[in-house]
Amino acid sequence: MFRNICIFMCTLAVCLLVAGCGARRSTPAAPVVQTPAPAQTSPAPAPTLKAALAPALRQQPASRPRTEVVSVQKGVASWYGRRFHGRRTASGERFNMYAMTCAHRTLPMKTRVRVTNLRNGKSVVVRVNDRGPYAHGRIVDLSYAAAKKLDIVRSGTARVRLDVLR
């Protein structure tokens, strides 16, 4: 046993000696000049994205407000976009074809509506900000953005279900 310990210690000493001899020599360092510390402290480093978002991540609502379906309608939806972009709507705001909005004949302005494409099951929540549609047989006109999410842009119209939300 003593012999094994002696062999191990000698091998360890040789390895350390070889490792120490093979180390690179560093260039001599420049002389260190000590300067007095500045009177004001340097600004703190910029916070990371994780640190910046930490308070927002902790402040989650205790429970989500429930959205209640008030009424349901089924019918044909169409969409409108570029030709009306920037014009005034019936609510007085400017129409934005990239916003999630719609036009409905009778629902109050600012009513939120979940529109579901019955062909593919996709749905979006839009806000009523205009009056229409004026084409026969249609129940809602969607903005371009809403129609794109529902895959209605190419066909132009689709059968939909409207869930009026409270």
Side-chain angles (χ1 to χ4, degrees), residues 24 26-27 29-30 32-166:
R24 292 185 181 166
S26 63
T27 57
V32 177
V33 178
Q34 292 191 0
T35 58
Q40 47 184 305
T41 60
S42 61
T48 62
L49 180 60
K50 186 176 180 180
L53 292 178
L57 294 175
R58 280 185 300 228
Q59 297 174 357
Q60 294 181 356
S63 65
R64 256 190 187 168
R66 295 185 115 179
T67 55
E68 181 182 340
V69 176
V70 178
S71 67
V72 176
Q73 297 177 359
K74 287 187 180 181
V76 178
S78 56
W79 67 276
Y80 64 119
R82 184 171 292 142
R83 199 171 85 191
F84 298 95
H85 186 69
R87 292 188 185 180
R88 295 264 181 210
T89 63
S91 66
E93 67 184 85
R94 295 218 178 257
F95 175 69
N96 181 356
M97 63 187 270
Y98 303 108
M100 300 296 284
T101 58
C102 72
H104 193 276
R105 286 191 193 108
T106 58
L107 288 174
M109 297 294 173
K110 299 184 182 179
T111 301
R112 291 182 319 123
V113 180
R114 183 185 305 119
V115 182
T116 304
N117 186 338
L118 296 176
R119 187 181 61 223
N120 59 21
K122 293 183 178 182
S123 67
V124 295
V125 176
V126 295
R127 180 177 49 87
V128 176
N129 75 336
D130 204 359
R131 291 291 170 222
Y134 298 108
H136 179 68
R138 311 240 173 107
I139 62 168
V140 69
D141 261 346
L142 300 168
S143 65
Y144 170 79
K148 187 168 176 70
K149 288 195 181 235
L150 293 174
D151 287 337
I152 298 176
V153 173
R154 179 168 277 201
S155 63
T157 62
R159 297 242 339 126
V160 296
R161 184 182 76 223
L162 300 182
D163 297 325
V164 180
L165 306 175
R166 183 184 322 226

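Taking the side chain to side chain donor-acceptor pair (under 3.5 Å) definition, one finds that T116 meets it with nothing, sequence neighbours left out. By the salt bridge (charged side-chain N to carboxylate O under 4.0 Å, His left out) test, K74 is found to be paired with no residue, residues two or more places apart in sequence or in another chain being considered.
For the side-chain contact (heavy atoms from CB on, under 4.5 Å) with V113, the lone residue among L107, L165, D163 that qualifies is L107. Test V126, V128, L162 against V140 for side-chain contact (heavy atoms from CB on, under 4.5 Å) and you get one pass: L162.
Counting heavy atoms from C-beta outward, I139 and V160 have side chains that approach closer than 4.5 Å. Inter-residue side-chain proximity for R114 and V124 is flagged as unmet; no heavy-atom pair is nearer than 4.5 Å. Within the 4.5 Å cutoff, no side-chain heavy atoms of M109 are placed close to those of R127. Residues D141 and D130 fail the side-chain proximity criterion, which asks for heavy atoms closer than 4.5 Å.
With hydrogens and angles ignored, the 3.5 Å screen pairs a side-chain donor or acceptor of R94 with a backbone N or O of G86. Judged by distance alone, the side chain of S143 and the main-chain N or O of C102 form no donor-acceptor pair under 3.5 Å. Judged purely by atom type and a 3.5 angstrom limit, R105 uses its side chain to pair as donor or acceptor with the backbone of P133. The backbone N or O of H104 lies less than 3.5 Å from a partner atom in the side chain of R131, making a donor-acceptor pair.
Heavy-atom minimum distance, R119 versus S155: NH1-OG, 4.3 Å. Residues V125 and M100 share a closest heavy-atom pair of O-CB, 3.9 Å.
A salt bridge between K110 and E93 is absent, with no side-chain N of the basic residue lying under 4.0 Å from a carboxylate O of the acidic one.
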Apply the test side chain to side chain contact (heavy atoms under 4.5 Å, CB included) to residues V164 and V72: give CA-CA distance (whole Å), side-chain angles for both, the deciding distance (0.1 Å), then the verdict.
CA-CA 6 Å; V164 180; V72 176; over 6 Å; no

For T157 and R138: C-alpha separation, side-chain torsions, deciding distance, then whether side chain to side chain contact (heavy atoms under 4.5 Å, CB included) applies.
CA-CA 9 Å; T157 62; R138 311 240 173 107; 3.6 Å; yes

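Interatomic distance, NZ of K122 versus CD1 of I152, reported as 10.5 Å (0.5 Å rounding). Expressed to the nearest 0.5 Å, how far CG of D151 lies from CG of N120 amounts to 5.5 Å. Note that CG of L150 and CG of L118 are 10.5 Å apart. Values are rounded to the nearest 0.5 Å.
Taking the six-membered ring for Trp, Y144 and Y80 have ring centres at least 6.0 Å apart.
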